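Report on one structure; see the data block that follows.
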Amino acid sequence: MKKFVSMFLAVCAMSAMSVTAFAQQAQAVNVTSDEKMKISFGEEKFSELLLPGQTYTYPLYIEQQDGKVVPLTDEHLKDVKLRAESKDGKSAISSFKVEEENDKYQLEVTTQAGWPTKEVEVEGAVKAVKRSNGQVVGSAEAELKVGYPTISDEALEAVKADEYIFVEPAAPVISTKQFEKLDEYADGGKVTLTNGMWKYEVRISGQEAVNMLYNERAIKEVSSMFEDQNFKYVSFPGGPAFDFTGKMTIDVSDEMEDFNGKFYVYRYLKGTLHKIDATVDLDDESVSFETKNLGRFVITDKEIADKTIVDKSFVSQSQNPEQKPETEKPAEQKPESEKPAGNVSDKNDYQSGNFDKGNPDTGAKDYVGLAAMAAAVSAAGIALNRKKR
């Protein structure tokens, strides 16, 4: 009996030592099961507009017990892991994830490429979850907007003085409401949109929003097929369509000498060159043509046969090559002039594809950051092998 009692007391003593050891360990790492760890995106207000086809990064921070805010690192994530989730506006996001770089964590957001006319609001969060049971112990929320800036209302007032409306690459969208205002200014008549090198004169009564983003990049398939010709390219990758036929005029003064006064105009549509009946004004040093749809225009100094197929990958076996497609594939190019503020990576080129133009009605917040951290417990005498994320 005494031996049994002695053994029992020894076990109790060992248990007490284990409890004491565990308490010391928990105190050492300063973690309990319900302790909270405040994380946030620092001073980031998420006020900038995210452009399609770009990658943005937002560093994550932690508020220490002394109130000091420091970058979130592996040292703070021994017992929890991070998970990024996007909610509303998913169609505007290509990737929404947490990345580690140089032992620091950040939210990386890649926007879906496209040429929308409306801003899309995106709600997302970085959540902290326990490694032991997956329980969410906190989150830092982010509310973003994706799209292109809209032209200023002041720029539209030029119509009142019978002047042109200057379209800048930094603000290429004209909204439906702005077109209504423009129609009032023009009293139902035509308005002229321009960037200085091209101008487009058209009626805009009842016109819906358009994205007038443009560039002058070469279409490599065309240039490589006709290496002995000179080319000038004017492209509207968003493919803005108008309800009325308008007149597009392109300045070719810089090409007069190289082209020797010879100008032939084509529309590049789904891998095929379609000849456009254009007027050449040598005195004005310009070419002009009528169209409802702005797409990818090609000007050259030598005639090319109408409906010449340049890229055969567009022509399926079931499609008649002689049949003119109705819509244009957006150019697989990225504007160089729009560089948003902040930490941005331009490694992602613009891709072709549709873009959700919906604009969910959600509220805006600057940022909210709360997360929690729970410790994995250890029995006495057993080493805990912590997993690094």
Side-chain angles (χ1 to χ4, degrees), residues 115 190 193-195 197-203 210-333 350 352-354:
W115 298 271
K190 295 181 179 181
L193 309 174
T194 185
N195 81 323
M197 183 270 294
W198 56 261
K199 63 179 181 180
Y200 185 60
E201 185 181 14
V202 65
R203 284 186 59 195
V210 296
N211 189 329
M212 295 293 291
L213 191 69
Y214 60 89
N215 63 66
E216 298 177 51
R217 288 183 186 80
I219 301 173
K220 61 181 181 179
E221 293 83 1
V222 176
S223 297
S224 60
M225 177 174 283
F226 304 97
E227 295 180 349
D228 62 339
Q229 297 185 208
N230 292 307
F231 288 96
K232 180 182 180 68
Y233 299 92
V234 179
S235 296
F236 296 84
F242 290 80
D243 296 330
F244 296 91
T245 299
K247 181 181 179 181
M248 169 62 72
T249 302
I250 300 175
D251 178 21
V252 292
S253 57
D254 291 341
E255 290 73 32
M256 289 297 293
E257 183 176 350
D258 291 340
F259 282 52
N260 197 27
K262 301 292 184 180
F263 297 93
Y264 302 90
V265 184
Y266 299 83
R267 180 191 297 272
Y268 182 71
L269 193 62
K270 290 192 174 181
T272 303
L273 287 172
H274 300 272
K275 189 173 182 180
I276 294 177
D277 186 13
T279 300
V280 179
D281 189 331
L282 296 179
D283 293 332
D284 188 52
E285 297 182 329
S286 66
V287 297
S288 60
F289 52 90
E290 294 186 346
T291 182
K292 285 184 177 181
N293 302 303
L294 305 184
R296 306 177 75 178
F297 301 116
V298 179
I299 304 174
T300 184
D301 58 346
K302 296 180 182 179
E303 188 172 10
I304 300 173
D306 188 23
K307 297 184 178 64
T308 293
I309 297 176
V310 177
D311 188 350
K312 294 182 180 180
S313 65
F314 282 91
V315 184
S316 63
Q317 295 180 355
S318 60
Q319 180 182 351
N320 180 2
E322 298 299 319
Q323 181 180 358
K324 181 178 179 180
E326 295 180 357
T327 59
E328 178 179 0
K329 176 187 176 183
E332 296 186 9
Q333 297 169 341
Y350 276 77
S352 59
N354 294 326

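We're numbering straight along the sequence, starting at 1. Because the structure is a prediction, the values reported are computed rather than measured.
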Using every non-hydrogen atom in the two residues, find where Thr249 and Ser288 come nearest and quote the distance to one decimal.
OG1-CB, 3.6 Å

Go through Ile250 and Met197 one step at a time and tell me if the side chain to side chain contact (heavy atoms under 4.5 Å, CB included) criterion holds.
CA-CA 6 Å; Ile250 300 175; Met197 183 270 294; 3.7 Å; yes

Return the minimal non-hydrogen interatomic distance between Trp198 and Met248, and the atom names on each side.
CB-SD, 3.9 Å

Verdict with supporting geometry, Arg267 and Thr291, side chain to side chain contact (heavy atoms under 4.5 Å, CB included):
CA-CA 11 Å; Arg267 180 191 297 272; Thr291 182; 2.8 Å; yes

Considering all heavy atoms, the nearest Trp115-Gly238 contact
CB-CA, 3.6 Å

Once rounded to the nearest 0.5 Å, what's the spacing between atom OH of Tyr214 and atom CG of Leu294?
13.0 Å

Donor-acceptor under 3.5 Å (Asn211 side chain, Leu213 main chain):
yes

Donor-acceptor pair, distance only, cut-off 3.5 Å: does the side chain of Ser224 make one with the backbone of Lys220?
yes

Give the C-alpha distance, both sets of side-chain angles, the deciding distance and a yes or no for side chain to side chain contact (heavy atoms under 4.5 Å, CB included) between Asp301 and Phe263.
CA-CA 5 Å; Asp301 58 346; Phe263 297 93; over 6 Å; no

May I ask you to decide whether Glu290 forms a salt bridge with Lys247, counting only side-chain N to carboxylate O separations under 4.0 Å?
no

Can you tell if the side chain of Met256 reaches within under 4.5 Å of the side chain of Leu282, non-hydrogen atoms only?
yes

Kindly state whether the ring of Tyr268 and the ring of Tyr233 have centres lying under 6.0 angstrom apart.
no

Please determine whether a side-chain nitrogen of the Lys or Arg among Asp228 and Lys302 lies less than 4.0 Å from a carboxylate oxygen of the Asp or Glu.
yes

Within 45° of the ring axis of Phe244 and under 6.0 Å from its six-membered ring centre, is that where the NZ or CZ of Arg203 lies?
yes

Return the minimal non-hydrogen interatomic distance between Ala241 and Val210, and the atom names on each side.
O-CG1, 3.9 Å

Please report the shortest heavy-atom distance between Phe226 and Phe231, naming the atom on each side.
O-CE1, 3.4 Å

Rounded to the nearest 0.5 Å, how far apart are OH of Tyr266 and CD1 of Ile276?
10.0 Å

Carboxylate-amine/guanidinium contact Glu303 Lys275, below 4.0 Å:
yes

Roughly how far, to the nearest 0.5 Å, is the OG atom of Ser223 from the CE atom of Met225?
11.5 Å

Any side-chain heavy-atom pair of Val202 and Thr245 under 4.5 Å
no

Apply side chain to side chain contact (heavy atoms under 4.5 Å, CB included) to Val298 and Ile219, showing your working.
CA-CA 9 Å; Val298 179; Ile219 301 173; 3.9 Å; yes

NZ on Lys270 to CZ on Phe314, rounded to 0.5 Å:
8.5 Å

Taking the side chain from Asn260 and the backbone from Lys262, do they hold a donor-acceptor pair closer than 3.5 Å?
no

CG of Leu269 to NZ of Lys307, rounded to nearest 0.5 Å, is 11.0 Å

For the residue pair Met212 and Phe242, what are the closest heavy atoms and their distance?
SD-CZ, 4.0 Å

When you measure from the side chain of Ser235 to the backbone N and O of Asn215, does any donor-acceptor pair fall under 3.5 Å?
no

In this structure, are over 12 heavy atoms from other groups packed under 6.0 Å from Asp258 atom CG?
yes

Can you tell me how far CD1 of Ile299 sits from CD of Gln229, rounded to the nearest 0.5 angstrom?
13.5 Å

